[in-house]
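Worksheet: one structure, shown below.
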There are 2 protein chains.
Amino acid sequence: MTPRPTVRIVLADDERMVRTALRAILSAEPDLEVVGEAATGAEAVSVVRERRPDVVLMDVRMPEIDGIRATEQILATLTDPPRIVVVTTFENDSYVYDALRAGAAGFLLKRAEADALVQAVRLVSHTDTLLFPSAVRSLAAEHARACPAPAPWVARLTGRESDVLRLMAQGLTNAEIARRMEVGPATVKSHVAAVLAKTGTRDRTQAVIAAYEAGFMNAR
Amino acid sequence: MTPRPTVRIVLADDERMVRTALRAILSAEPDLEVVGEAATGAEAVSVVRERRPDVVLMDVRMPEIDGIRATEQILATLTDPPRIVVVTTFENDSYVYDALRAGAAGFLLKRAEADALVQAVRLVSHTDTLLFPSAVRSLAAEHARACPAPAPWVARLTGRESDVLRLMAQGLTNAEIARRMEVGPATVKSHVAAVLAKTGTRDRTQAVIAAYEAGFMNAR
DNA sequence: GGGCCTCTCCCCCGTGCGGCGGAGACGGAT
DNA sequence: ATCCGTCTCCGCCGCACGGGGGAGAGGCCC
């Protein structure tokens, strides 16, 4: 393997014992170096600004400023910011999503084995690769929910009917749709009726709901 | 670090050169051993069944059966299945989602550095940790889109107004909502009017759209 | 006691909407 | 040549909906 440069690490956790444990694990590796610790989110921001580490292990729950906000602040204020790995106890924590949105480079469970921790830090330090607990599965499941297989009726809509439904789903009245499509209002009424029939709905509101639920609005 | 047991690996990729390159990279590590190769999805399934590796590096695009289906079959038919890492070329491949749904333990880009590859294999071989390319960001972004920060008007709705909007967004008429809430139709009309005012919409359809766009339907 | 908000309910009125039935024109299938 | 699907448009009818304006009961705050 290529000779590894030293990875400079800052630990942010409000519990001293956790920091000590992490330091012990990481310091045992010759290529990893803990260059700073912080017990609060605010402290984390200033310590990172000062020590310029390669990687930050950030606990989510901390006094004053939580790990998510601290992550945001670090990424927003520093040029060439460190890779931030968010650490938490429970994997179905909703913090996962917040952390990702905040720009965290990785996510780790506290129950992870020492070995995994060390390799995770190395991995995240020199790649754009995110690493992740099995909580990603729920993310993927959520994605599946957000992008359901298009309902059968979607394929049965004619071109104009799709256009009409799309405009309906933007809250336009029949008259507005007619103007937008440059056809007569009566034509729009016909298309709307066809859409209602094919979607099995009784009014435009239900049709719009069907469009959303079918992921019709996400397509194209 | 703890003494590492040997990680047995199967490579599945339809291009011989890719397999050769991966084998060269992985074999350079004393603790990694390539115990089999496959050029098609079907072959991958049988080779894995035969060699019982710890980790499979699976290309998505392969003849006969693609990597996703092969992953599904392996996970469905084998007890104590290997950890499967799906490999692809482009990171915004929609295969990412399919791979996760199929139960892949990890996801790697072909452009990943050798170093990252080696560590990824080690990491995935002995943890339940998924590792991931920056494509996760798009997943997270998608999640953010599906769960946008609630629009300011959401907090301004009273309890009953929220109830009414929720039922509106299920396609119910005012009369149906009234029955469902066990109040008079006139009451529902009042609440609907309040909802329209607070959401800045002009009819129930637009209100329902606002509810969907604000992630109001995902809440609770 | 007096505001203020919420929930409840009433009236009238105009209209956008959806249901019904029909029709002419174009084009592709057979 | 015939049928079928699509797009275009017409009239009529009933009603659910939304706007406007109001009102009483209960709770909360000061």
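In the text below, chain A, chain B and the rest are named by the order of the sequence lines, each starting its count at 1.
The separation between A:L165 atom CG and C:dG18 atom P is 12 Å, rounded to whole Å. The nearest whole Å value for the distance from the NZ atom in A:K189 to the P atom in C:dG22 is 17 Å. In this structure, the CZ atom of B:R179 is 13 Å from the C1' atom of D:dA16, given to the nearest Å. Atom CG in B:D163 sits about 14 Å away from atom P in C:dT6, given to the nearest Å. Atom CD in B:E176 sits roughly 16 Å away from atom P in D:dC15 (whole-Å rounding). Nucleotide C:dC9 holds its C1' atom 16 Å from the CD1 atom of B:I177, rounded to whole Å. The interatomic distance linking B:R204 (CZ) with D:dG19 (C1') rounds to 15 Å, in whole Å. In this structure, the CG atom of B:L196 is 6 Å from the P atom of D:dG19, given to the nearest Å.
Note on A:R69 versus A:D66: no salt bridge recorded, every NZ/NE/NH1/NH2 to OD/OE distance being 4.0 Å or above. Using a 4.0 Å cut-off between a side-chain N of Lys or Arg and a carboxylate O of Asp or Glu, B:E43 and B:R19 do not qualify as a salt bridge.
Listed pair B:S190 / C:dC7 fails the phosphate criterion, with no side-chain N or O lying under 4.0 Å from OP1 or OP2. Contact check, B:R160 against C:dT8: a side-chain N or O comes under 4.0 Å of OP1 or OP2. Taking side-chain N and O atoms only, A:R202 has no distance below 4.0 Å to OP1 or OP2 of C:dG18. Within the 4.0 Å cut-off from OP1 or OP2 of D:dC9, at least one side-chain nitrogen or oxygen of A:T187 is found. Note on A:H191: every side-chain N or O is 4.0 Å or more away from OP1 and OP2 of D:dC9. The side chain of A:T158 contributes no N or O atom lying less than 4.0 Å from OP1 or OP2 of D:dG5.
Candidate nucleotides D:dC17, D:dC10, C:dT8 were compared by shortest atom distance to the side chain of B:V183, and C:dT8 ranks first. For A:T173, the side-chain atoms get nearest to C:dG16 when compared with the rest of C:dG18, D:dT6, C:dG16. Among D:dC7, D:dG18, D:dC9, the nucleotide with an atom closest to any side-chain atom of A:A186 is D:dC9. Among the nucleotides C:dG16, D:dC7, C:dG18, the one closest to the side chain of A:N174 is C:dG18.
Panel note: side chain B:R51, backbone B:V35; a donor-acceptor pair is recorded below 3.5 Å.
Around atom CZ of A:R202, more than 12 heavy atoms belonging to other residues, nucleotides or ligands sit under 6.0 Å away.
Both B:D203 and B:E182 sit near DNA chain C, but only B:E182 has its closest nucleotide nearer the 5' end.
Nearest heavy atom pair, residue A:G36 against residue A:V47, reads CA-CG1, 4.3 Å.
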